[in-house]
Amino acid sequence: MLGEATGLALLAACYPAGLLVVAIYLGSPRPRQIGLLFVFGALGASLVMAVAVYAVLKAGHLDLPKARHTRYGLRLGLGVAMIALCLFLARRSPKSKTDKSAKKGIFGGMMGRLLTNPGPATAFVMGFGLFFFSLTFIAAIQVIATARAGTAATVLAFTIVVILYAGSAWVPYLFYLIRPDATTRRLRIFNGWLTEHGRSLYVGGLGVAGLVVTLDGVFGLTGIV
């Protein structure tokens with residue numbers, strides 16, 4: 001249970017948007033305060049989503065032996081949805097640097113406006129908004145909620161996946177606190193690569209996670225596991 005949930009949380013943490021935003025905030029006039037509020041927003045969203053998904057699945061008693069087909073059917077459905085989203089995003093990926101959406105970057109609309117003049121409130125909102133929904137993270141919580149594990153193991157797994165999912169927000173911030181100048185310099189360099197390849201990284205991670213969850217569902221429904 002812990003291994004699968006942790007692996008899915010790590011795949012969910014491959015979130016280029018989170019890395020790009022935290023890099024922008026760490027280059028702002030108040031990097032410690034703005035960055036910290038962004039991290040709080042990301043962790044808050046992760047926790048809210050995790051508690052909500054866990055509560056719904058537990059209320060459905062999907063961890064009981066009699067709910068085996070429902071449990072693995074849900075995993076199969078999640079996996080198929082993740083693969084479908086991966087294919088949809090892959091088809092919509094910018095094909096060249098001259099593409100209008102590529103010139104604008106991955107942010108636009110309200111998100112873009114929140115980045116132009118970062119403040120504590122907008123940083124928290126941005127963190128909460130960016131990390132509020134992830135099919136891969138939902139799959140990780142689903143693994144925990146439907147496992148017949150003890151309280152200690154469940155709490156440990158729950159805590160680990162929540163923290164890991166928000167890793168693209170708090171890991172750069174932690175490095176910034178330790179070595180601010182070096183971290184800021186490296187983030188600037190990394191941002192160029194991430195702006196160009198971040199979408200592919202996200203789509204690839206989503207596809208891998210979708211394949212894992214789909215196979216898990218198929219194997220469970222056919223009695224292989």
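Below, all heavy atoms of this structure are taken into account, side chains as well, without hydrogens, waters or symmetry copies.
In terms of heavy-atom proximity, S134 sits nearest to A12 at OG-CB, 4.0 Å. In plain terms, the two heavy atoms of V162 and L47 that are nearest each other are CG1-N, 4.1 Å. Smallest separation of non-hydrogen atoms from A139 and V213: CB-CG2, 3.8 Å. Between T214 and V80, the closest heavy-atom pair is OG1-N, 3.4 Å. Considering every non-hydrogen atom in both S46 and F137, the closest pair reads O-CE2, 3.5 Å.
Side chain of T6 to main chain of G3: no donor-acceptor pair is present (N/O by atom type, distance under 3.5 Å, no hydrogens or angles). The main-chain N or O of P180 is never found under 3.5 Å from a side-chain atom of T183 such that the two would form a donor-acceptor pair. At distances below 3.5 Å, not a single donor-acceptor pair connects side-chain atoms of Y54 with backbone N or O atoms of Q142.
Cation-pi geometry between R75 and Y72 is met: the NZ or CZ atom falls under 6.0 Å from the ring centre, inside 45° of the normal.
From L78, atom CG reaches atom CG of D216 across 11.0 Å, with rounding to the nearest 0.5 Å. Atom CG of L8 sits about 6.5 Å away from atom CE of M82, to the nearest 0.5 Å. Note that the CZ atom of R71 and the NE2 atom of H69 stand 10.5 Å from one another [nearest 0.5 Å]. Distance CD1/I163 to OG1/T159: 6.0 Å, rounded to 0.5 Å. For the atom pair OH of Y173 and CG of L37, the computed distance is 9.0 Å after rounding to the nearest 0.5 Å.
Transitive grouping of hydrophobic side chains (ILVMFWY, heavy atoms separated by less than 4.5 Å) brings M126 and M49 into a common cluster. Hydrophobic clustering of Ile, Leu, Val, Met, Phe, Trp and Tyr side chains at less than 4.5 Å, counting indirect connections, unites V143 with F133. V51 and F40 fall within a single hydrophobic cluster, where Ile, Leu, Val, Met, Phe, Trp and Tyr side chains are chained together by heavy-atom contacts under 4.5 Å. At a threshold of 4.5 Å between side-chain heavy atoms, the hydrophobic network of Ile, Leu, Val, Met, Phe, Trp and Tyr places V21 and L36 in one connected group. Hydrophobic cluster membership differs between L76 and I83, with clusters built from Ile, Leu, Val, Met, Phe, Trp and Tyr side chains linked at under 4.5 angstrom.
Proximity of P16 to R199: side-chain heavy atoms (C-beta onward) are nowhere separated by under 4.5 Å. The shortest distance between side-chain heavy atoms of L10 and Y165 does not fall below 4.5 Å. Put simply, the side chain of L187 does not reach to within 4.5 Å of the side chain of Y176, judged on heavy atoms. Using a 4.5 Å heavy-atom threshold, the side chains of I144 and L57 count as separate. Side-chain contact check for R179 versus F175: every heavy-atom pair is 4.5 Å or farther apart. Within the 4.5 Å cutoff, the side chain of L85 has heavy atoms near those of the L89 side chain. Within the 4.5 Å cutoff, no side-chain heavy atoms of S28 are placed close to those of Q33. Put simply, the side chain of V22 does not reach to within 4.5 Å of the side chain of W170, judged on heavy atoms.
A centroid separation of less than 6.0 Å is found between the aromatic rings of Y25 and F38. Taking the six-membered ring for Trp, F131 and Y15 have ring centres closer than 6.0 Å.
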